[in-house]
Amino acid sequence: MTTVAETIVTALGDLGVRTVWGVVGDALNPVTEAIRKDDRLRWIGTRHEEAAAFAASAQAQLTGTLGVCMGTVGPGSIHLLNGLYDASKSHAPVLAICGQVPLAEMGGDYFQEVDNDLLFADVAAFRHTITSPTQLPRILQQAVNAAYARPGVAVLTLPGDVGSMALPKETPAPRFVTSRPILSPDPASIAAAAQRIDDATKVTLLVGIGARQARDQVLALAAHLQAPMVLTLKAKEGLERENPYQIGQSGLIGNPASKQAFDDADLLLMLGTDFPYPDWLPAGTTTIQVDTEPAHIGRRLPVDVGVVSDVGAAVTALRGLIKPKTDDAHVRSARSAYQSWHDKQQSLADPAFDSTLVGRARSALDNRHHLIRPEAVAATLDRLAADDAIFTTDTGMATVWLSRFVELRGTRRLLGSYNLGSMANAMPHALGAADLDRGRQVVAFCGDGGLTMLLGDLLTAVAYRLPVKLVVFNNGRLGMVKLEQEQGGLPEFGTELANPDLAVVATAMGLTGIRVEDPHQLEDAVRTGLATDGPVLLDIVTNPDEIALPPKATVDQAWGFAIAKLKEGLRSSGT
């Protein structure tokens with residue numbers, strides 16, 4: 001006899017799934033029992049289902065294969081929701097298996113009953129409650145195929161008495177479709193795009209994660225056009241290393257060179273990006289956008305030519321039609337501005353910066369207590385981390401410091417909640433990454449607010465010996481919110497965090513905890529933390545008043561910042 005639960009687990013094992021994340025519960029006992037009996041699958045029990053969804057999403061993003069998480073009836077399934085939203089917005093193929101009350105009780109407002117099909121309507125590309133064994137394998141096939149097709153989230157709900165039901169004899173094994181077609185561009189749209197590019201004098205590229213698999217073609221196009229290349233944060237992975245055309249990021253985490261490159265161009269070529277901040281994109285510039293999703297084209301700014309295609313195929317076709325540009329003044333100017341900004345940023349990363357003449361003057365404004373500058377933390381991690389390290393970042397200032405100071409050279413990978421913008425993702429993303437290859441270094445850039453939000457899942461790292469290196473930028477603040485308030489001319493309010501000694505907490509939970517308060521002890525502490533076996537938490541006390549303005553602050557932003565600082569000073573002096 002084969003049960004519904006056994007059929008699902010066997011099919012997932014055949015598909016190549018090796019880890020299932022979640023919290024056990026009565027409705028899913030048949031599934032966890034099937035996992036226990038299948039030697040190919042490993043169960044990792046988290047302390048919070050949200051962490052399970054983040055971990056499964058991380059594995060899906062890193063491998064391109066199905067991530068699996070579980071949550072039982074009612075609250076257990078609800079807790080998955082935030083991590084699944086992140087998976088959906090990150091286009092990660094994830095299957096969530098959720099518990100439900102027994103069939104006879106459904107629809108009667110039974111204890112813990114939640115309508116999962118309604119709950120996940122906005123996040124899941126496919127969702128269905130299995131009410132009969134005869135629905136398999138059809139429903140399982142639809143769920144997995146939908147997760148791969150988008151890619152995105154599929155949710156299967158199992159009532160408490162359905163998982164143990166027997167399937168009819170001769171039920172066929174599920175057959176899954178996991179590949180996606182390569183989209184070739186329409187020749188007419190390529191011809192129109194090529195004509196626009198030939199008519200332009202200065203071209204700037206905005207390149208996203210959709211171009212990651214077309215690195216060689218995109219670099220060749222940049223050379224062909226003498227075009228500077230602004231990278232989205234997710235495009236750093238794979239496109240930043242050994243790239244003489246890249247000039248960093250745009251938006252709040254960006255730099256003045258990217259704004260200059262946008263402003264000076266008479267044509268913007270967007271490749272594989274749905275960059276979500278139209279205010280940072282150039283207005284009135286001829287724009288061409290290449291994307292596999294027709295719905296993405298033109299939804300951030302007006303587009304003159306839209307090309308629905310894989311980036312590699314489109315760029316190859318374009319290069320066969322467009323004329324090379326020989327004037328390199330545009331790219332040289334942008335690269336020079338980027339290098340100048342980069343060098344100034346690097347000076348802040350020197351632990352001895354505050355003892356220099358410039359440093360003493362600046363610290364009187366933004367680091368009166370001579371705390372560790374977060375730039376120094378990020379730069380030290382960049383220097384000491386392995387060239388194949390996987391980095392994860394919490395949303396907020398931790399992402400700013402990584403984007404500016406960590407180069408994704410070698411085969412480094414990057415994960416973050418860059419579309420949903422959730423807090424608390426860095427640590428559970430790191431757990432998922434570490435489980436894939438325990439010999440590969442995984443470094444999480446954690447905000448103190450993010451880490452403490454899901455603090456209990458430090459115990460998951462300990463219980464399953466996941467060798468994550470969790471670096472906490474402990475500034476006692478919700479740093480990005482503080483910055484936003486100050487740029488708006490508001491004094492800081494509601495952002496202060498009453499943190500414990502997080503290294504002591506980590507040690508009590510079974511990790512190696514290291515606390516760093518002296519800038520001159522930073523390098524040795526990071527070196528020790530990275531070299532220590534097992535899970536490590538580096539609690540680094542950083543400066544909460546570090547100034548991280550946008551690429552080119554407006555007069556209003558600068559004035560708002562000054563006024564906010566004045567109000568904070570008046571408040572702190574009791575006036």
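Nothing fancy with the numbering, it's 1 onward along the sequence. Remember, it's a predicted structure, so these values are computed and weren't measured experimentally.
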H429 and Q61: CA distance, side-chain angles, deciding distance, side-chain contact (heavy atoms from CB on, under 4.5 Å) verdict: CA-CA 10 Å; H429 271 164; Q61 291 179 66; 4.2 Å; yes

For the student: nearest non-hydrogen atoms of I247 and P228, plus distance: CD1-CB, 4.0 Å

N255 side chain reached by H342 side chain, heavy atoms, under 4.5 Å: no

Spacing of CG belonging to L436 relative to CG belonging to L431, to within rounding of 0.5 Å: 11.5 Å

Side-chain ion pair, D382 and R409, N-O less than 4.0 Å: yes

Straight-line distance of M229 CE to L221 CG, nearest 0.5 Å: 8.0 Å

M427 vs F54, side-chain contact (heavy atoms from CB on, under 4.5 Å): CA-CA, chis, key distance, verdict: CA-CA 9 Å; M427 181 260 288; F54 274 127; over 6 Å; no

H91 side chain reached by I209 side chain, heavy atoms, under 4.5 Å: no

Residues in side chain to side chain contact (heavy atoms under 4.5 Å, CB included) contact with Q441, at least two apart in sequence or another chain: A385, A386, A389, V443, L530

Criterion side-chain contact (heavy atoms from CB on, under 4.5 Å) on L414 and L402, from CA distance to verdict: CA-CA 10 Å; L414 177 63; L402 180 137; 3.7 Å; yes

Side chain to side chain donor-acceptor pair (under 3.5 Å) between S422 and D86, worked out: CA-CA 7 Å; S422 174; D86 182 73; over 6 Å; no

Contact summary for T63 and T65, nearest pair of heavy atoms: OG1-OG1, 2.6 Å

Straight-line distance of L301 CG to T285 OG1, nearest 0.5 Å: 8.5 Å

Student check: side-chain heavy atoms of L420 and N425 closer than 4.5 Å: no

Heavy-atom closest contact (F405 atom, A379 atom, distance): CB-N, 3.9 Å

Pairwise side-chain contact, Q260 with S333, heavy-atom cut-off 4.5 Å (strictly under): yes

For residues 318-326, which side-chain N or O atoms pair as donor and acceptor with protein atoms under 3.5 Å away, sequence neighbours left out?
from, atom 1, to, atom 2, distance (Å)
K325, NZ, I197, O, 2.9
K325, NZ, A200, O, 2.7

Test item: N475 and D448 side chains (from C-beta on) under 4.5 Å apart, heavy atoms: yes

Carboxylate-amine/guanidinium contact D435 R18, below 4.0 Å: no

Which atom of G432 lies closest to which atom of A58, heavy atoms considered: CA-CB, 4.5 Å

Check: V377 and W401 side chains under 4.5 Å, non-hydrogen atoms: no

Neighbour count >12 (heavy atoms, 6.0 Å) for atom CD, E242: no

side-chain hydrogen bond (donor to acceptor under 3.5 Å, both in side chains) partner of Y418, chosen from T395, T399, T393: T393

Residues R180 and D310 bridged, charged N to O under 4.0 Å: no

Contact summary for L381 and V526, nearest pair of heavy atoms: CD2-CG1, 3.7 Å

Minimum side-chain heavy-atom gap R412-K236 below 4.5 Å: no

Any M397 side-chain heavy atom under 4.5 Å of T542 side chain: no

Test side-chain contact (heavy atoms from CB on, under 4.5 Å) applied to K469 and L538, step by step: CA-CA 8 Å; K469 312 307 176 191; L538 278 159; 5.9 Å; no

Distance, nearest 0.5 Å, that separates CG of L408 from CG of L233: 8.5 Å

Considering all heavy atoms, the nearest F445-A378 contact: CE2-CB, 3.9 Å

Pairs satisfying side-chain hydrogen bond (donor to acceptor under 3.5 Å, both in side chains), at least one member in residues 203-221, at least two apart: T204-H330, R212-E237

